[in-house]
There are 2 protein chains.
Amino acid sequence: MSGPHPGLLMFIGARYVEQRINDAVVAAGFEDLTPAMARAAARLREDGIRVTDIAEQARITKQSASALVDQLERCGYVERVPDPADARARLVVLAPRGRAAQAVARREERAVEREWRRHLGAERMAALQDALVALREVTDPYL
Amino acid sequence: MSGPHPGLLMFIGARYVEQRINDAVVAAGFEDLTPAMARAAARLREDGIRVTDIAEQARITKQSASALVDQLERCGYVERVPDPADARARLVVLAPRGRAAQAVARREERAVEREWRRHLGAERMAALQDALVALREVTDPYL
DNA sequence: CATATCAGTCAGGGAAACTGACCAGTCGAG
DNA sequence: CTCGACTGGTCAGTTTCCCTGACTGATATG
């Protein structure tokens, strides 16, 4: 019919972005940051997040999330601080090193976006963004 | 600026499709087919394919590809037959059970596409497809 | 205050990928 | 035609990532 399935095309695109960002972060000297750690770290907010929430958003068990946070903590990317609102919980917050790595990742993300825009033109890029956002209503149970 | 990065949105969409297809295949009684096996099996062609080529296309090592084909073979989805053109090689071909599973997967794939088209409208769906195909020139080294 | 719920850890296991070393068949150059 | 380089594939061993199940301690609810 109309060529490859959009799902496959999205997979290719998503893999490309992840690879680009990972390469950039590693090249910037953060060599101990694995893709899985990065995926977990991507959920971090300024005001901290609970391990359980990371797990839920990333669709992994809290044990897996906890192990990844362990690694991130050991490598100095994050810290665990007590949650003032709930004595059972602890908040995962970015440490300075994590903040630096995140800046590199965001910069690369923007670079990829610029390249795509240059390749597609502003119009088609906007159409892509629009369609993807709209699709999210169907494909993302978190929203 | 303009909401989530397209790479993330693509990831969400791709994960959704993979999940839907996997669920459908499992529901149809192919419960021993893991996502990794399915990803390898998706590369199969009517006329057979070499393990090395599966590895290259799926971007995994030939050892990993070989292990997945082992599993697929053990579960009756594929067979390995000698390659008439090269005595070193063997061709991986679909067995009847694999053909049946593939039919289910293709049907679900089309169902997802229909749902997306209904949600977006034909026009935006076409724009999405168009942009994704164009992006592939940038993101897919295989083309 | 008793019980159910929730945050998180501990222990153990399995799937899927990797590297490195290796064998056997094929191909091209001398 | 044969010898070295290349290629298809396997074997052995390891790592990463994620899972289930059982558990502790803190909080919330009746």
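Chain identifiers are assigned alphabetically (A, B, ...) following the order of the sequence lines, protein sequences preceding nucleic acid strands; residue numbering begins at 1 within each chain.
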Quiz item: Expressed in angstrom and rounded to an integer, what is the separation of B:D86 atom CG from D:dG8 atom C1'?
Solution: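 Rounded to whole Å, this separation is 7 Å.
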Practice problem: To the nearest Å, give me how far apart CG (A:D70) and P (D:dC17) are. | Solution: 13 Å
Practice problem: Identify, between A:Q71 and B:L91, the residue whose nearest nucleotide on DNA chain D lies closer to the 5' end. | Solution: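 The residue mapped nearer the 5' terminus is B:L91.
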Look at [X] together with [Y] and state whether they make a salt bridge at an N to O cut-off of under 4.0 Å.
X	Y	result
A:R39	A:E18	yes
A:R50	A:D83	yes
B:R45	B:D47	no

Main-chain N/O of [Y] paired to [X] side chain as donor or acceptor, under 3.5 Å:
X	Y	value
A:R97	A:C75	yes
B:H119	A:A134	yes
A:T139	A:L135	yes

Quiz item: Using a heavy-atom cut-off of 4.0 Å to chain B, what are the terminal contacting nucleotides of DNA chain C, in 5' to 3' order?
Solution: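 The contact span of chain B on DNA chain C goes from C:dA16 to C:dT26.
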Self-check item: Smallest separation among heavy atoms of A:Q57 and A:R43, with atom names
Solution: O-NH1, 3.7 Å
Quiz item: Would you say B:E115 has more than 12 foreign heavy atoms packed within less than 6.0 Å of its CD?
Solution: yes
Practice problem: Can you establish whether the number of heavy atoms outside A:R99 located under 6.0 Å from its atom CZ is more than 12? | Solution: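 Count over threshold, so yes.
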Quiz item: Base, sugar-phosphate, or nothing for B:D83, non-hydrogen atoms under 4.0 angstrom?
Solution: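 Here B:D83 touches no strand at all.
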Quiz item: Which of residues 21-38 of chain A have a heavy atom under 4.0 Å from DNA chain D?
Solution: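 Heavy-atom cutoff 4.0 Å gives A:T34, A:A36.
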Quiz item: For residues 60-68 of chain A, which residues have at least one heavy atom under 4.0 Å from DNA chain D?
Solution: A:I60, A:T61, A:Q63, A:S64, A:L68
Exercise. May I ask you to decide if the ring planes of B:W116 and B:Y16 are parallel, tilted or perpendicular, using 30° and 60° as cut-offs?
Key: parallel
Quiz item: Which of these nucleotides, D:dG9, D:dA26, D:dT7, is closest to any side-chain atom of B:R90?
Solution: D:dG9
Practice problem: Check the pair A:D23, A:Q19 against side-chain hydrogen bond (donor to acceptor under 3.5 Å, both in side chains), reporting the backbone distance first and the verdict last. | Solution: CA-CA 6 Å; A:D23 288 353; A:Q19 189 67 52; 3.1 Å; yes
